[in-house]
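Bear in mind that the values here come from a model prediction, so they are computed numbers and not experimental data.
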Amino acid sequence: FLNQDTFVPTGNRQQQAEQISKHYQEVADKVAPEVAAPIQKMADIMKQVAGTSLGEPSGEQTKQLTEQNNKIGEYCQ
């Protein structure tokens, strides 16, 4: 399922961050709980990013996104 995902956000950075957040939420609702938990955390982070003036993740948010993505990778091996 995750390998077939072709989602591409549009608009400015804030709009893209909001779209990514919503997409992550939709994906989290469709996958196994072990994968859904980190995806949900990624959705929450991107929702915070969307609320910033630039719509860009901070260094800490980027680190958190990477950590959650790595958890997904570990489970999906």
Engineer: Looking only at atom types and distance, does a side-chain atom of Gln15 sit under 3.5 Å from a main-chain N or O of Asn12, one as donor and one as acceptor?
Structural biologist: yes
Engineer: To the nearest 0.5 Å, how far apart are CG in Asp5 and NZ in Lys30?
Structural biologist: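 Rounded to the nearest 0.5 Å, the CG-NZ separation comes out at 9.0 Å.
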Engineer: Which pair of non-hydrogen atoms, one from Thr52 and one from Gln14, has the smallest distance, and what is that distance?
Structural biologist: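 So the two residues come closest at O-NE2, 2.5 Å.
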Engineer: Table please: side-chain donor-acceptor pairs of residues 65-72 below 3.5 Å, with sequence neighbours left out.
Structural biologist:
{"unit_1": "Thr66", "atom_1": "OG1", "unit_2": "Thr62", "atom_2": "O", "d": "3.0"}
{"unit_1": "Asn70", "atom_1": "ND2", "unit_2": "Thr66", "atom_2": "O", "d": "3.4"}

Engineer: Hydrophobic cluster membership, with links at side-chain heavy-atom distances under 4.5 Å among I/L/V/M/F/W/Y: are Leu54 and Met46 in one?
Structural biologist: no
Engineer: For a quick test of reading the model, state the closest non-hydrogen atom pair linking Ala36 to Ala28 and the distance between them.
Structural biologist: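 Taking every non-hydrogen atom into account, CB-O, 3.2 Å.
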Engineer: Mind running side-chain hydrogen bond (donor to acceptor under 3.5 Å, both in side chains) on Asp29 and Gln25 for me, showing each step along the way?
Structural biologist: CA-CA 6 Å; Asp29 292 341; Gln25 179 64 58; 3.2 Å; yes
Engineer: Looking at every non-hydrogen atom in both residues, tell me the closest pair between Val35 and Tyr75 and how far apart they are.
Structural biologist: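 Closest approach of Val35 to Tyr75, heavy atoms only: CG2-CD2, 3.1 Å.
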Engineer: Are Thr10 and Gln19 close enough, and set up right, to give a side-chain contact (heavy atoms from CB on, under 4.5 Å), and what steps lead you there?
Structural biologist: CA-CA 8 Å; Thr10 59; Gln19 291 169 25; 3.6 Å; yes
Engineer: Which atom names give the shortest non-hydrogen contact between Gly55 and Ala17, and what distance separates them?
Structural biologist: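 Taking Gly55 first and Ala17 second, the nearest heavy atoms are O-CB, 4.2 Å.
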Engineer: What is the distance from atom OG of Ser21 to atom CD1 of Ile45, rounded to the nearest 0.5 Å?
Structural biologist: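 The OG atom of Ser21 sits 10.0 Å away from the CD1 atom of Ile45.
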Engineer: In chain order, what residues pass the ring pair (Phe, Tyr, Trp, His ring centres under 6.0 Å) check against Phe7, with sequence neighbours excluded?
Structural biologist: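 Testing Phe7 for ring pair (Phe, Tyr, Trp, His ring centres under 6.0 Å), a comparison that skips the adjacent residues, returns His23.
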Engineer: Can you sort out the partners of Gln48 under side-chain contact (heavy atoms from CB on, under 4.5 Å), two or more places apart, ordered by chain and number?
Structural biologist: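 Gln61.
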